[in-house]
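Please read the structure below before turning to the comments.
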Protein chains: 2
Amino acid sequence: MSGIEDVASLAGVSKATVSRALSGRGYVSVETRAKVSDAAHRLGYVVSSSASSLVTGRTNNVGVIIPRINQWFFGSILEGVERALLDRGYDLMLYNVSKTVEERSKVFEYFLVRKRVDAVIAVTLEITPAETERLVGLGKPIAGIGGPLEGIPTVSIDDVAAARLATEHLLLLGHRDIVHVGGDVDEQMDFHVHSKRLKGFLEALTAAGIPHDENSYLATRFDIPGGYRVGKQLLGDPRRRPTAIFAAADEVAIGVILAARELGISVPDDLSVIGIDNHPLSDMFGLTTVEQRPDLQGEHAVDWVIRQLEQPGWSPDAGHAFAPTRLVMRSSTAPPRPRTG
Amino acid sequence: MSGIEDVASLAGVSKATVSRALSGRGYVSVETRAKVSDAAHRLGYVVSSSASSLVTGRTNNVGVIIPRINQWFFGSILEGVERALLDRGYDLMLYNVSKTVEERSKVFEYFLVRKRVDAVIAVTLEITPAETERLVGLGKPIAGIGGPLEGIPTVSIDDVAAARLATEHLLLLGHRDIVHVGGDVDEQMDFHVHSKRLKGFLEALTAAGIPHDENSYLATRFDIPGGYRVGKQLLGDPRRRPTAIFAAADEVAIGVILAARELGISVPDDLSVIGIDNHPLSDMFGLTTVEQRPDLQGEHAVDWVIRQLEQPGWSPDAGHAFAPTRLVMRSSTAPPRPRTG
DNA sequence: CTGAAAGCGCTAACAG
DNA sequence: CTGTTAGCGCTTTCAG
């Protein structure tokens with residue numbers, strides 16, 4: 001494995017010139033540059049990142065803290081972040097951190113501090129003020145995705161607006177008897193998501209002058225089995241059955257649809273269902289949904305931190321950016337069936 | 001950010017002693033060690049990984065090359081690898097590499113070589129001999145998960161045996177008319193998986209003296225919509241309908257079940273279905289399956305590379321290890337319905 | 001535009 | 001058991 005010295009002597013220049021030629025920093029004549037990169041190529045030379053980091057203080061690494069991987073939302077974020085990072089020449093250091101305190105502290109106290117990363121992207125992390133302080137104290141660019149993090153710029157969709165949009169769609173179709181199935185407070189996502197989506201739902205109902213009570217809302221796990229379970233329970237009794245359900249996530253909505261099918265309830269004839277996400281399976285189930293693009297949110301966060309890295313002094317205008325959403329209409333919604341009798 | 005020098009002077013010892021005390025390498029008296037770690041703690045000192053890597057040549061980083069993230073099998077592997085790595089004090093550098101040549105070469109030629117990783121774990125990568133050579137040429141421990149990689153130790157389940165097990169289960173129940181739904185050759189996983197599972201299927205049929213022809217096998221995408229599509233097509237015509245289907249992955253099996261339900265075909269009364277994976281959704285669909293644990297495969301690969309790192313000279317006995325599988329029986333399989341008439 | 005020299009912060013002999 | 005010393009491989013002034 002050849003070093004900069006080898007390249008220098010093969011090219012007939014000094015180490016300094018090789019460094020300048022290869023890194024692009026500083027003036028090098030065109031022909032010298034050519035000679036150098038030729039020599040580097042022939043030797044298969046590649047800079048030692050440790051040596052280079054040692055002197056520059058930059059690692060070209062971005063740490064990503066994410067609570068889980070094997071779930072569409074999180075996986076998509078990770079894919080988006082990864083792509084964006086690789087594109088820009090950075091490496092991605094993955095920290096899959098669950099909610100257990102020890103694991104978290106291990107990452108916060110130990111891994112992240114070892115001068116291994118230039119910046120940090122935190123995904124839907126509900127962190128304590130102390131942890132935030134620690135992160136910020138590193139003096140490194142940080143961006144969050146998902147929940148708002150006090151004192152850290154974050155990107156997410158506008159959960160309230162998305163929920164309102166979904167609810168309004170049902171309202172516009174003529175539904176009056178709508179139930180919202182949201183997420184469990186201490187499961188999966190940070191709870192802001194759940195409360196905000198509920199808020200948007202209630203706002204839309206209120207604006208339309210539709211009354212609601214505690215039966216208008218149900219919580220369950222944010223996955224297909226969670227939706228299925230709640231669907232069975234909610235749709236089992238024909239007298240209590242709403243004409244439409246707004247699920248806070250597509251997976252939940254799909255679970256509801258599966259439950260409805262098993263109960264012989266036709267979607268959308270007897271029941272309209274709408275979700276949020278545009279999950280890959282949603283198309284197959286004809287699910288109407290408010291699309292969010294976690295991968296783009298990931299890219300956005302990457303842009304932020306890299307910009308801060310490359311233009312020192314720059315910082316995001318606002319503490320928070322909203323990623324776009326849009327309504328994707330499919331066959332799971334329709335006007336309520338006119339009452340017979 | 002204080003350096004080793006600061007700790008040394010606060011503790012009243014030399015830099016070398018600090019290094020020894022904190023890294024655990026070399027002899028240090030108990031009391032000195034205490035003094036040193038106390039000082040380090042008070043200063044919030046943490047080694048500079050670049051400096052340390054520069055001299056030791058070790059980065060405490062393991063690179064993971066994986067073709068996709070947002071799919072149960074791959075996500076589970078990644079979770080398993082991540083957990084194992086963090087446990088052992090290593091960081092994980094993620095390279096999400098699709099099949100496009102440019103992306104791959106970028107990783108192989110550039111990222112991996114920058115002395116950034118001590119070892120590499122390659123997940124279901126079908127790499128060219130040249131790429132293998134490049135990887136091996138790095139002189140770093142490598143392990144593969146999934147497809148066998150020529151010249152690289154790998155871990156995977158025994159696909160042939162797993163498929164045989166699934167098929168034998170159906171056979172034992174009395175099924176004679178079984179169709180295998182496998183994966184598209186140029187989709188998703190490397191094609192060895194598909195051909196091996198087909199092989200196991202055919203072996204079991206042959207051993208049982210059951211004839212098969214080209215209609216015994218169908219390929220589709222390894223996901224729920226893929227299974228659904230093929231299910232609709234295969235089950236649409238009552239005269240061609242088999243009594244059982246062995247899907248090469250649970251997601252495909254679930255798609256088949258959904259298709260069957262829509263066609264009014266009862267599972268398992270009219271059709272038995274079995275898959276491979278034990279996907280989280282399988283329970284909900286009552287799917288009988290051959291369980292594989294991608295997370296454990298990930299841990300196994302981590303063990304291998306770390307062992308090589310920590311005991312130089314050690315190498316896996318065999319070029320390949322089989323991860324365990326087991327049959328998880330649920331309600332989607334039953335004896336074929338006795339012929340009427 | 002290029003070269004010489006001085007480290008970046010740590011570890012690994014080697015003596016003591 | 002501990003200190004001294006010499007780099008690891010690069011980048012960056014600072015002169016030319």
Side-chain angles (χ1 to χ4, degrees), chain A residues 1-40 43-61 89 113-118 139 309 312, chain B residues 1-40 43-61 110 113-118 138-139 309-310 312:
Chain A
M1 194 136 284
S2 41
I4 199 174
E5 187 96 56
D6 306 306
V7 180
S9 61
L10 178 58
V13 296
S14 71
K15 293 191 305 177
T17 302
V18 172
S19 175
R20 281 189 286 252
L22 261 27
S23 71
R25 288 185 284 268
Y27 299 103
V28 184
S29 77
V30 181
E31 40 187 42
T32 306
R33 185 186 304 281
K35 263 195 315 196
V36 170
S37 44
D38 182 52
L43 295 170
Y45 168 77
V46 52
V47 297
S48 151
S49 66
S50 350
S52 147
S53 296
L54 180 55
V55 37
T56 60
R58 309 261 275 93
T59 61
N60 274 283
N61 258 209
V113 193
R114 289 196 296 170
K115 304 191 177 167
R116 301 177 127 298
V117 297
D118 293 338
L309 248 23
Chain B
M1 192 136 289
S2 41
I4 197 171
E5 188 97 53
D6 306 306
V7 180
S9 60
L10 178 57
V13 295
S14 71
K15 293 192 303 177
T17 302
V18 173
S19 175
R20 280 188 288 250
L22 262 27
S23 70
R25 287 185 285 267
Y27 300 102
V28 185
S29 76
V30 181
E31 43 187 37
T32 307
R33 184 186 304 281
K35 264 194 317 199
V36 170
S37 42
D38 181 53
L43 295 169
Y45 167 79
V46 52
V47 296
S48 152
S49 65
S50 350
S52 148
S53 296
L54 181 55
V55 37
T56 60
R58 307 262 273 94
T59 61
N60 274 285
N61 260 208
Y110 179 60
V113 191
R114 288 196 296 170
K115 304 191 177 167
R116 301 177 127 298
V117 296
D118 293 338
L138 296 177
L309 246 24
E310 300 184 348

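All of these numbers come straight from a predicted model, not from anything done at the bench.
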Measure from OH on A:Tyr27 to P on D:dT13 and round the result to the nearest Å.
-> 14 Å
Sequence neighbours excluded, the answer for side-chain hydrogen bond (donor to acceptor under 3.5 Å, both in side chains) partners of A:Asp118 is A:Arg58, A:Thr59
Interface with DNA chain C, restricted to residues 31-38 of chain B and to heavy atoms under 4.0 Å = none
List for me each residue that meets side-chain hydrogen bond (donor to acceptor under 3.5 Å, both in side chains) alongside B:Ser37, sequence neighbours excluded, and say none if there are none.
-> none
Residues 22-32 of chain B, side-chain donor-acceptor partners within the protein, below 3.5 Å, at least two apart:
residue, atom, partner, partner atom, Å
B:Ser23, OG, B:Ser19, O, 2.9
B:Ser23, OG, B:Arg25, N, 3.3
B:Ser29, OG, B:Thr32, N, 3.1
B:Ser29, OG, B:Thr32, OG1, 2.5

Would you give the length of the straight line joining atom NZ of B:Lys35 to atom OG1 of B:Thr17, rounded to the nearest 0.5 angstrom?
-> 9.0 Å
Degree of bending, the helix from C:dC1-D:dG16 to C:dG16-D:dC1 (end axes from five pairs; round to 10°) = 30°
Is there a donor-acceptor contact under 3.5 Å from the side chain of B:Ser53 to the main chain of A:Ser50?
-> no
Base, backbone or nothing for each nucleotide of nucleotides 9-16 of chain C, written B, S, -, heavy atoms under 4.0 angstrom, 5' to 3'?
-> BBSBB---
Heavy-atom closest pair, residues A:Arg33 and A:Arg20 = NH1-O, 4.2 Å
Between B:Ala8 and B:Val18, what is the shortest heavy-atom contact and its length?
-> CA-CG2, 3.5 Å
Value for CG (A:Leu54) from OG (B:Ser52), rounded to nearest 0.5 Å, stands at 10.5 Å
Taking every non-hydrogen atom, the tightest pair across B:Ile4 and B:Tyr45 | N-CE1, 3.4 Å
Minimum heavy-atom distance B:Asn61-B:Arg116, with the two atoms named = CB-O, 3.1 Å
